[in-house]
2 protein chains.
Amino acid sequence: MEASYADLMDELRSRGLRMTPQRRAIVSEVMRAKGHISPTAIARKVQGDMPGVNASTVYRTLTLLESVGVLQHSHVETGAEYHRTDEAHHVHLTCRNCGQDDELSLEEARKLQGLIRRHHGFVADLTHFAITGLCSDCAA
Amino acid sequence: MEASYADLMDELRSRGLRMTPQRRAIVSEVMRAKGHISPTAIARKVQGDMPGVNASTVYRTLTLLESVGVLQHSHVETGAEYHRTDEAHHVHLTCRNCGQDDELSLEEARKLQGLIRRHHGFVADLTHFAITGLCSDCAA
DNA sequence: GTTGGTGCAAAGGATTTGCAAGGTG
DNA sequence: CACCTTGCAAATCCTTTGCACCAAC
């Protein structure tokens with residue numbers, strides 16, 4: 001379940017794709033993020049370690065890695081954010097007042113998904129979009 | 001509950017703001033949309049009826065009307081969309097495969113909200129972000 | 001050596017801002 | 001006639017694309 005560099009390289013190689021230092025740096029940055037991170041943030045960080053890496057390379061790489069299945073993007077108030085696919089079970093709960101970011105557990109997400117499915121046959125992916133609202137502190 | 005032009009004008013006037021023809025046209029366009037509509041789409045449509053209206057006016061007006069409480073925006077896959085506040089109870093279910101757009105009823109939304117609240121004290125606004133997934137046809 | 005990848009520069013598209021002119025109350 | 005609003009143009013931001021050069025396997 002845990003995607004390693006070796007697995008990733010195999011995956012890319014089997015598709016005739018290459019593992020370049022830029023890709024290594026980008027993947028490493030997303031992995032290190034332990035959560036979600038925006039394309040521009042990735043670009044900034046990667047360029048910190050490895051000056052000269054172009055933003056277009058970052059975008060192209062993110063798109064590629066998403067199509068390969070290693071990464072996935074989701075939407076929060078400020079825009080798109082990427083995370084490793086392994087961590088896709090996180091449902092973001094963002095407080096619109098204080099900005100605090102909480103998460104739903106996988107079980108809770110499943111429960112919600114079940115409810116939606118029962119009434120509409122719709123299989124929801126609650127991880128793709130964040131959920132806004134007010135956290136317990138701000139709602140009080 | 002139903003926001004009329006008269007109400008809107010009162011609201012604006014009470015804040016020392018003005019009801020200009022541009023604002024009238026923009027509000028009218030969003031109202032007519034009977035659902036959600038993007039800023040660029042509004043700009044295009046308004047400019048159809050009333051050539052010369054600048055996109056910046058559209059953006060400024062949408063922001064203003066949202067702060068006044070008449071409109072609200074939400075996020076779908078393609079970006080931000082505005083709708084009248086009265087229609088904020090729609091939870092979007094968008095199929096990522098066929099693009100079909102369904103909705104959750106108010107009761108269902110409340111049920112989900114209740115579940116989230118019980119476990120986190122988090123008061124979710126499920127209308128702000130769409131929910132993606134697979135519709136019954138595409139999930140089969 | 002092939003073929004895919006990268007950097008660079010330019011193009012796009014959406015949204016914001018400064019400012020002087022214009023319109024509303 | 002104040003003061004809010006608008007149009008215009010320019011400036012940002014973020015993201016995409018074309019293309020020649022470079023590098024991975």
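So you know, we letter chains A, B, ... as the sequences are listed, proteins then strands, and number each from 1.
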- prompt: Would you say A:Thr20 reaches C:dT6's phosphate, i.e. side-chain N/O to OP1/OP2 under 4.0 Å?
  reply: yes
- prompt: If only side-chain N and O atoms of A:Gln22 are considered, is one of them under 4.0 Å from the OP1 or OP2 phosphate oxygen of C:dG7?
  reply: yes
- prompt: Could a donor-acceptor pair under 3.5 angstrom be found where the side chain of A:Arg60 meets the base of C:dG4?
  reply: no
- request: Measure up the A:His75 and A:Phe129 rings against each other and bin them: parallel (under 30°), tilted (30 to 60°), perpendicular (over 60°).
  value: parallel
If I take atom [atom1] in residue [X] and atom [atom2] in nucleotide [N], what distance separates them, rounded to the nearest angstrom?
X       : N      : atom1 : atom2 : value
A:Arg13 : C:dT2  : CZ    : C1'   : 17 Å
B:Asp10 : C:dG25 : CG    : C1'   : 14 Å
A:Gln47 : C:dG7  : CD    : P     : 9 Å
A:Arg15 : C:dT3  : CZ    : P     : 20 Å

Examine the side chains of [X] and [Y] and answer whether a donor and an acceptor come within less than 3.5 Å of each other.
X        : Y        : answer
A:Glu103 : B:His120 : no
B:Glu108 : B:Ser105 : yes
A:Asp101 : A:Thr94  : yes
B:Glu81  : B:His73  : no

- request: Looking only at side-chain atoms of B:Tyr59, point me to the closest of C:dT24, C:dT16, C:dG7.
  value: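 When the side chain of B:Tyr59 is considered, C:dT16 is the closest of C:dT24, C:dT16, C:dG7.
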- request: Map B:Asn54 and B:Arg24 onto DNA chain C by nearest heavy atom, then report which one ends up closer to the 5' terminus.
  value: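 Nearest-nucleotide comparison on DNA chain C picks B:Asn54.
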field: Contact interval (first through last nucleotide) of DNA chain D with protein chain A, 4.0 Å heavy-atom
entry: D:dC14 to D:dC25
query: Just checking A:Gly79: base, sugar-phosphate only, or nothing, at a heavy-atom cut-off of under 4.0 Å?
result: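 If one applies the 4.0 Å heavy-atom cut-off, A:Gly79 turns out to touch nothing in the nucleic acid.
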message: Tell me whether the count of non-hydrogen atoms from other residues, nucleotides or ligands lying under 6.0 Å of CZ in A:Arg24 goes above 12.
response: yes
